[in-house]
Amino acid sequence: MDLSADELLSTTRAVRKRLDLTRPVPRALIEECVDLAVQAPTGRNRQRWHFVVVTEPERRAAVVDVFRRGVASAEGARPVNPQDVRRMYAHPGSMERISAGFTHLYQVIDRVPALVIPCVEGRTDGAPVLDQAMTWGSILPAVWSFMLAARARGLGTVWTTGQAPLERDMAEVLGVPYDDVMLAAFIPLAYTIGTDFRPAHRIPREEVLHWDQW
């Protein structure tokens, strides 16, 4: 794909319904995305990131089972506040489409050709804000770079947190040392059905841009 930087940044969408479930993703392509991901900034150059890619059918079935049970339990999910609700429904139909997309993804997740679980060394359970910021700041830029690289190669992704309620179970399935490593996300990866993604509707810039003070 030949996308400008602005196009790449503004059209890398959360892809749920348009994942191609019939077409395997070559390992070499995923490796290219990881190579670009680890060029992201990282706190103190510690490079604590890891990417667990699951394509083997039995292992994939095992992680999908944990994912679905985690989504069903949704332990620890906080209710949204009125401001969240206002923003979520600022553009009619947006949340309905997202909900329908996630329902579809939940139903077909076992058929997605590759599942990517980005991880980061160092747990933040109960940690001070500084430690949390430094740890998450060393995985989030890398994952976003991975998703941009995927988009540039005709692949779709979506950040989900379906692993979070049962993170320890997911870590056990993957052989991840839970006490030392956090599973940051659960990302389906597949070719997309079509590549004509558009910028999303967002609330006005004036609501989020603060100059010199809040």
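This chain uses plain numbering: 1 for the first residue, then up along the sequence. Side chains included, hydrogens not; waters and symmetry mates left out as well; all remaining heavy atoms used. Predicted model, so just to flag it, every value in this text is computed and none were measured.
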If you count every heavy atom of other residues, nucleotides or ligands that lies below 6.0 Å from [X] atom [atom1], does the total exceed 12?
X	atom1	result
Arg27	CZ	no
Glu58	CD	no
His210	NE2	yes
Asp125	CG	yes

Is any side-chain heavy atom of [Y] closer than 4.5 Å to one of [X]?
X	Y	value
Met134	Arg44	yes
Leu19	Leu105	yes
Gln47	Trp49	yes
Leu189	Pro113	no
Glu7	Phe197	no
Thr42	Arg48	no
Leu115	Val63	yes
Arg123	Asp131	no

Smallest separation among heavy atoms of [X] and [Y], with atom names:
X	Y	value
Thr12	Arg151	OG1-CG, 3.4 Å
Ala185	Ile117	O-CG2, 3.4 Å
Leu36	Ala149	CD1-CB, 3.7 Å
Tyr191	Pro24	CE1-O, 3.4 Å
Val112	Arg60	O-NH1, 3.0 Å
Val158	Ala14	CG2-CB, 3.6 Å

When rounded to the nearest 0.5 angstrom, what distance separates [atom1] in [X] from [atom2] in [Y]?
X	Y	atom1	atom2	answer
Met147	Trp159	CE	CH2	7.5 Å
Leu155	Arg23	CG	CZ	8.5 Å
Ile109	Arg16	CD1	CZ	11.0 Å
Leu130	Thr135	CG	OG1	9.0 Å
Arg153	Leu3	CZ	CG	11.5 Å
Asp179	Arg168	CG	CZ	5.5 Å

Please verify the inter-ring angle class for Phe102 with Phe67; under 30° counts as parallel, over 60° as perpendicular, anything in between as tilted. tilted
Quick one: do [X] and [Y] end up in the same hydrophobic cluster if we chain Ile, Leu, Val, Met, Phe, Trp and Tyr together by side-chain heavy atoms under 4.5 Å apart?
X	Y	result
Leu8	Leu140	yes
Met170	Val116	no
Leu148	Val34	yes
Val25	Val54	no
Val15	Leu21	yes

Is the charged tip of Arg68 near the ring of Tyr106: under 6.0 Å from the six-membered ring centre and within 45° of its axis? yes
Are Val66 and Gln163 close enough, and set up right, to give a side-chain contact (heavy atoms from CB on, under 4.5 Å), and what steps lead you there? CA-CA 7 Å; Val66 178; Gln163 87 296 341; over 6 Å; no
Please determine which of Ile139, Val181, Leu183 meets the side-chain contact (heavy atoms from CB on, under 4.5 Å) test together with Val120. Ile139
Under 3.5 Å donor-acceptor, Ser138 side chain and Gly43 backbone: yes
Backbone of Glu96 reached by a side-chain donor or acceptor of Ser99 within 3.5 Å: no
Testing the 3.5 Å rule here: is there a donor-acceptor pair between the side chains of Asp6 and Ser4? no
